[in-house]
> 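I have a structure I would like to understand better, so I am pasting it below and will then ask my questions one at a time.
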Amino acid sequence: MTHSRLPADFLWGVATAGHQNEGDNTASDTWFLEHTSPSLFREPSGPACRGYEHWAADLDLVAGLGLNAFRFSVEWARVEPERGTVSTEALDHYERMVDGCLERGLAPVVTFSHFTAPHWFAAAGSWTAADAPARFAEQCDRVTARFGDRLACAVTLNEPNLEQLLQAGAKLPPEAERLKEDMLAAAARAAGSPGYGSANVIPAGRQEEFQEAFTRAHRAAREAVKARRADLPLGVSIALADEVAVPGGEERRDAKRAAVYGHWLREARHDDFIGVQNYERIVHGPDGEVLPDGERNGMGTVIEPASLAGAVRYAHEVAGVPVLVTEHGIQTADDTQRAAFIPAAVDALAAEIAAGTPVLGYCHWTLMDNFEWIFGYGAQLGLHEVDRTTFQRRPKPSAAAYADVVRRYRDGLPRGPRT
């Protein structure tokens, strides 16, 4: 049996994010919250993976896997560490990364905001401030002006619906919600501001307010980017579990879909693509979520490679635009699970594409184990491990497994044996 050939311009990539990978993002809101007492973050990000200095070698790793795309974020807090002060050095750095991608045959996929924002922005009302859309549009404009002509595509906001997904699935215990409120209050006091906000630390009672704010910011960013380069494919990426139902669970499934995904999938109808970020399948029964039998991932749900195809199908059905898989992966310390999971998930995705769902590309999360927000360095999703002392990157078996499945699809080779 051979692999179906995917479009010649299909993007095979990995995804990373600045704060999680670069290290010492000291002017950001997340850095401030990591050092607030109390803090929801298990540990501070510190040097992360020192990606800011090792970016060229990391791009060599990506190219060495035979990939043709690299997703990364431009850290607004580095570019504008203080209100109105723009760092030429930071813009130069990210421009070098873009050119470095192109030199290695990698299509640059840039995210304008991967959760983090400048500390000054968070202390001045964050995303719900009246001028937030204009401030974000300014940032997107300066980045697009500098190197937008060389980008393959762009993502405005990363997972603006993540907190809604976590709360809908009861992923965070009640004490975490209280700690979140206490941390933000302490941060406001430490910053000497009336309040403090952050894109991935949103109190339950402010979800609707932030959704409206993110929507305004996304639209302003889209207008700013398109004014610079009208043909640049642009979209928003959302966290999207594959929601399925057993008999009697359809109403619960549909209610969750409407609450967590509906708004952004409708908003994406005005974009060039919808970014899908999928990590799990959720099964709904008549009385709530059902946990099927089977091997589980680090998130506690059953490992289901077909979840990506299901999420992609649903996203396209509602949004009506092509899908870009901006993230997909598996949280596990057992890399044999990851090495088996990737080719199985890609096979299911390819079958979905063959059935007619338009997919622009696939970016695996992530290149290397990194800082996973409130979970610190305890959650492992990388194709490479990182020595926390020397910062040496070492490939895991899953890196070879991903490289192999990409090579087979690009060359139309026979499917290899499952191990």
Side-chain angles (χ1 to χ4, degrees), residues 17 19-20 25-46 76-77 83 113-133 135-136 157-218 238-239 241 255-256 259-261 263-264 277 279 282 288-289 299-300 331 371-379:
H19 188 86
Q20 296 176 262
N25 191 22
T26 58
S28 71
D29 53 356
T30 303
W31 181 277
F32 195 77
L33 291 174
E34 291 164 14
H35 294 85
T36 295
S37 183
S39 180
L40 184 62
F41 291 85
R42 188 178 110 168
E43 58 189 321
S45 54
W76 184 5
R83 177 73 184 101
S113 176
H114 198 115
F115 289 138
T116 48
H119 167 65
W120 62 261
F121 179 81
S126 186
W127 295 95
T128 60
D131 65 347
R135 300 291 77 77
F136 184 49
L157 300 170
N158 182 79
E159 294 186 341
N161 70 325
L162 175 62
E163 287 273 8
Q164 291 167 312
L165 176 59
L166 293 175
Q167 290 173 14
K171 297 291 185 181
L172 295 178
E175 55 267 27
E177 186 64 32
R178 290 192 294 272
L179 180 55
K180 185 191 303 182
E181 296 263 17
D182 292 343
M183 177 182 66
L184 292 172
R189 290 192 298 271
S193 60
Y196 204 89
S198 185
N200 63 345
V201 188
I202 304 171
R206 300 190 68 189
Q207 289 299 322
E208 185 174 342
E209 180 186 2
F210 266 82
Q211 178 174 279
E212 293 173 356
F214 286 141
T215 304
R216 292 191 295 270
H218 169 65
I238 64 170
K256 182 179 177 185
V260 180
Y261 316 121
H263 170 81
W264 288 106
Q277 310 201 162
Y279 290 91
I282 302 297
E289 292 185 10
M299 300 167 71
Q331 180 188 322
F371 180 75
E372 287 293 342
W373 307 112
I374 65 172
F375 303 106
Y377 294 99

> Is the backbone N or O of Ser45 less than 3.5 Å from a side-chain atom of Glu34, with the two atoms forming a donor-acceptor pair by type?
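Pair found, side chain donor or acceptor close to backbone of Ser45.
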> Report yes or no: does Asn158 contribute a side-chain atom to a donor-acceptor pair with the main-chain N or O of Phe115 at less than 3.5 Å?
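Flag not set: sc Asn158 to bb Phe115 has no pair under 3.5 Å.
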> Do Glu208 and Gln211 make a side-chain contact, defined as non-hydrogen atoms from C-beta onward lying under 4.5 Å apart?
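Of all side-chain heavy-atom pairs linking Gln211 with Glu208, none is under 4.5 Å.
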> Any chance the side chains of His263 and Gln164 put a donor and an acceptor closer than 3.5 Å?
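Side-chain D/A pair, His263 to Gln164: absent.
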> Report the distance from atom CD1 of Ile202 to atom CH2 of Trp127, rounding to the nearest 0.5 Å.
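Nearest 0.5 Å value for the CD1-CH2 distance: 10.5 Å.
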> Under a 4.5 Å cut-off applied to non-hydrogen side-chain atoms, are Arg178 and Pro174 in contact?
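Yes. Closest side-chain heavy atoms under 4.5 Å.
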> Between Tyr261 and Lys256, is any pair of side-chain heavy atoms under 4.5 Å apart?
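Side-chain contact under 4.5 Å: yes.
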> Taking the six-membered ring for Trp and the single ring otherwise, decide whether the centroids of Trp264 and Phe214 are under 6.0 Å apart.
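No, too far apart.
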> Which residue pairs pass the side chain to side chain donor-acceptor pair (under 3.5 Å) test when at least one of the two sits in residues 187-199, sequence neighbours left out?
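Side chain to side chain donor-acceptor pair (under 3.5 Å) check on residues 187-199 returns Asp29-Ser198, His119-Tyr196.
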> Are any of the side-chain heavy atoms of Phe136 and Arg216 separated by less than 4.5 Å?
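SC-SC contact between Phe136 and Arg216 ruled out.
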> Can you tell me how far the OG1 atom of Thr116 sits from the CZ atom of Phe121, to the nearest 0.5 Å?
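It comes to 11.5 Å.
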> Heavy atoms, side chains only, cut-off 4.5 Å: are His218 and Pro160 in contact?
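No, their side chains stay 4.5 Å or more apart.
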> Check the pair Glu372 / Gln331 against side-chain contact (heavy atoms from CB on, under 4.5 Å), numbers first and verdict last.
CA-CA 10 Å; Glu372 287 293 342; Gln331 180 188 322; over 6 Å; no
> For Glu177, what residues pass the salt bridge (Lys or Arg N to Asp or Glu O under 4.0 Å) criterion, not counting sequence neighbours?
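So Glu177 forms a salt bridge (Lys or Arg N to Asp or Glu O under 4.0 Å) with Lys180.
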> Any chance you could lay out the side-chain contact (heavy atoms from CB on, under 4.5 Å) test for Met183 and Leu33, step after step, and finish with the verdict?
CA-CA 7 Å; Met183 177 182 66; Leu33 291 174; 4.0 Å; yes
> Hey, are the side chains of Glu163 and Gln207 touching, using non-hydrogen atoms and a 4.5 Å cut-off?
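They are in contact (side-chain heavy atoms under 4.5 Å apart), so the answer is yes.
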